Enquirer: 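Have a look at the structure that comes next, please.
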Amino acid sequence: MTFTAVTLCFLTRESAGVPQVLLGLKKTGFGRGKVVGLGGHVEPGETDAEAACREVHEEAGIVVRQEDLRDAGVVTFDFPARPEWNMSSRLFVAANWTGQPAESAEIRPEWFDVGALPVDRMWQDAAHWLPLALAGSFLRLTVVLNEDNETVREVLDYSSL
Ligand SMILES: Nc1[nH]c(=O)nc2c1ncn2[C@H]1C[C@H](O)[C@@H](COP(=O)(O)OP(=O)(O)OP(=O)(O)O)O1
């Protein structure tokens with residue numbers, strides 16, 4: 001089975017002592033209308049870290065250096081009813097970056113409190129893994145979606161293997 005290589009990169013900051021994460025409304029393509037992490041496909045010849053830095057810049061105008069990415073592991077999205085949507089996403093979290101988030105053709109960026117993630121506007125599986133990644137965990141999870149390609153059938157944890 002093929003799982004397309006993608007990345008998700010979560011930029012963080014503190015606002016008045018409250019930890020926040022930069023997410024964004026996806027305006028085009030896969031996941032349109034949902035609030036998502038910045039990221040996208042890993043191009044041929046690119047490392048996951050290079051792809052994450054490129055996507056953050058393309059989607060929100062932010063510059064993040066590879067050495068400032070914290071590797072938060074991998075979440076695999078398994079869509080049994082739409083295997084062509086299967087993706088394996090490398091996760092990164094970065095507290096050091098430069099620039100002001102700017103809207104692009106693909107994403108309208110927005111800061112959210114880490115303690116109040118907009119899970120009802122995100123992919124439903126995000127509630128299972130995003131808080132863990134932001135809390136510092138290194139994840140090796142597979143999310144299996146139901147036939148509706150929205151709700152979660154199961155979450156398989158391979159992190160202890
Ligand atoms: N179940 C899921 N939950 C989630 O939170 N994010 C998911 C997901 N399934 C896929 N994604 C993310 C991973 C990846 O960052 C993104 C898909 O990549 P893109 O945003 O690049 O897609 P596009 O269709 O816009 O492609 P491009 O034409 O390459 O821009 O969707």
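All ligand and atom numbering here is 1-based and tracks the order in the structure. Predicted model, so just to flag it, every value in this text is computed and none were measured.
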Enquirer: Specify side chain, backbone, both or neither for K26, according to which of its non-hydrogen atoms lie closer than 4.0 Å to ligand 1.
Expert: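 Looking at K26 and ligand 1, just side chain atoms fall under 4.0 Å.
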Enquirer: Which protein non-hydrogen atom lies closest to atom 16 (C) of ligand 1, naming both residue and atom, and how far is it?
Expert: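 For atom 16 (C) of ligand 1, the nearest protein heavy atom is M87 SD, 4.4 Å.
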Enquirer: Just to confirm my output: which protein heavy-atom neighbour is closest to atom 6 (N) of ligand 1, and how far is it?
Expert: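 The answer is W123 CD1, 3.5 Å.
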Enquirer: Taking everything shown except R153 itself, do over 12 heavy atoms lie less than 6.0 Å from its CZ?
Expert: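 Enclosed: over 12 neighbouring heavy atoms sit under 6.0 Å from CZ of R153.
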Enquirer: Do F112 and V35 make a side-chain contact, defined as non-hydrogen atoms from C-beta onward lying under 4.5 Å apart?
Expert: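 Yes - at least one pair of side-chain heavy atoms lies under 4.5 Å apart.
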Enquirer: Is it true that W129 lies under 4.0 Å from ligand 1, counting heavy atoms only?
Expert: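 The answer is yes, since W129 has a heavy atom less than 4.0 Å from ligand 1.
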Enquirer: Under 3.5 Å, is there a donor-acceptor pair between the S159 and D157 side chains?
Expert: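 Their side chains do contain a donor-acceptor pair, which is all the 3.5 Å distance test asks for.
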Enquirer: Atom 13 (C) of ligand 1: which protein heavy atom is closest, and how many Å away?
Expert: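 Among all protein heavy atoms, the one nearest atom 13 (C) of ligand 1 is V6 CG2, 3.7 Å.
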Enquirer: Where is the nearest protein heavy atom to atom 1 (N) of ligand 1: which residue, which atom, and how far?
Expert: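 Looking only at protein heavy atoms, the one closest to atom 1 (N) of ligand 1 is D125 OD2, 2.8 Å.
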Enquirer: How close does the nearest protein non-hydrogen atom get to atom 11 (N) of ligand 1, and which residue and atom is it?
Expert: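 Minimum-distance protein heavy atom for atom 11 (N) of ligand 1 reads F77 CE1, 3.9 Å.
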Enquirer: Just grab all the ring-ring contact (aromatic ring centres under 6.0 Å, His included) pairs involving residues 131-161, residues at least two apart or on different chains.
Expert: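 Qualifying pairs, neighbours excluded: none.
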Enquirer: When the aromatic ring centroids of F79 and W123 are compared, is their separation below 6.0 Å?
Expert: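 They qualify: ring centres under 6.0 Å apart.
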Enquirer: Is the contact between H41 and ligand 1 made by the side chain, the backbone, both, or neither, using heavy atoms and a 4.0 Å cut-off?
Expert: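 For H41, backbone and side-chain atoms both sit under 4.0 Å from ligand 1.
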Enquirer: Quick check on E67: does its CD atom have over 12 non-hydrogen neighbours (other residues, nucleotides or ligands) under 6.0 Å away?
Expert: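 Counting neighbours around CD of E67, more than 12 heavy atoms of other residues, nucleotides or ligands fall under 6.0 Å, so yes.
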Enquirer: Distance below 4.0 Å between atom 28 (O) of ligand 1 and any protein heavy atom?
Expert: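 Given the 4.0 Å limit, the answer for atom 28 (O) of ligand 1 is no, no protein heavy atom qualifies.
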Enquirer: Just which atoms of ligand 1 are under 4.0 Å from any heavy atom in G39?
Expert: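 Going through ligand 1 atom by atom, the ones under 4.0 Å from G39 are 15 (O), 20 (O).
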Enquirer: Give yes or no for whether the N/O distance cutoff of 3.5 Å, strictly under, is met between F30 and ligand 1.
Expert: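 For ligand 1, there is an N or O atom that lies under 3.5 Å from one belonging to F30.
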Enquirer: So is there a nitrogen or oxygen of E106 less than 3.5 Å from a nitrogen or oxygen in ligand 1?
Expert: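 Yes, there is a polar N/O contact under 3.5 Å.
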Enquirer: So, T151 and N146: side-chain donor and acceptor under 3.5 Å apart, yes or no?
Expert: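 The criterion, which ignores hydrogens and geometry beyond distance, is satisfied for N146 and T151.
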Enquirer: Against W85, only a single residue in F77, F3, F30 fulfils ring pair (Phe, Tyr, Trp, His ring centres under 6.0 Å); can you say which?
Expert: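 With W85 as partner, ring pair (Phe, Tyr, Trp, His ring centres under 6.0 Å) holds for just one option, F30.
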Enquirer: Compare all side-chain heavy atoms of V56 with those of W97 and state whether any distance is below 4.5 angstrom.
Expert: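 No, too far: nothing below the 4.5 Å cut-off.
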Enquirer: Counting only nitrogen or oxygen atoms and a 3.5 angstrom limit, does S89 reach ligand 1?
Expert: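 In fact, backbone or side chain, S89 has no N or O that close.
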Enquirer: Does ligand 1 have an atom under 4.0 Å from some heavy atom of T7?
Expert: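 It does, in that a heavy atom of T7 comes within the 4.0 Å cut-off of ligand 1.
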Enquirer: Should K34 be listed as contacting ligand 1, given a heavy-atom distance under 4.0 Å as the test?
Expert: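 For ligand 1, residue contact (heavy atoms, under 4.0 Å) with K34 is absent.
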Enquirer: Please say yes or no: joined through hydrophobic side-chain contacts below 4.5 Å, possibly via intermediate residues, are V36 and V74 part of one cluster?
Expert: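 Per the 4.5 Å side-chain linkage, V36 and V74 are not co-clustered.
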Enquirer: So is L8 touching ligand 1 or not, going by heavy atoms under 4.0 Å?
Expert: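 A heavy atom of L8 does come that close to ligand 1.
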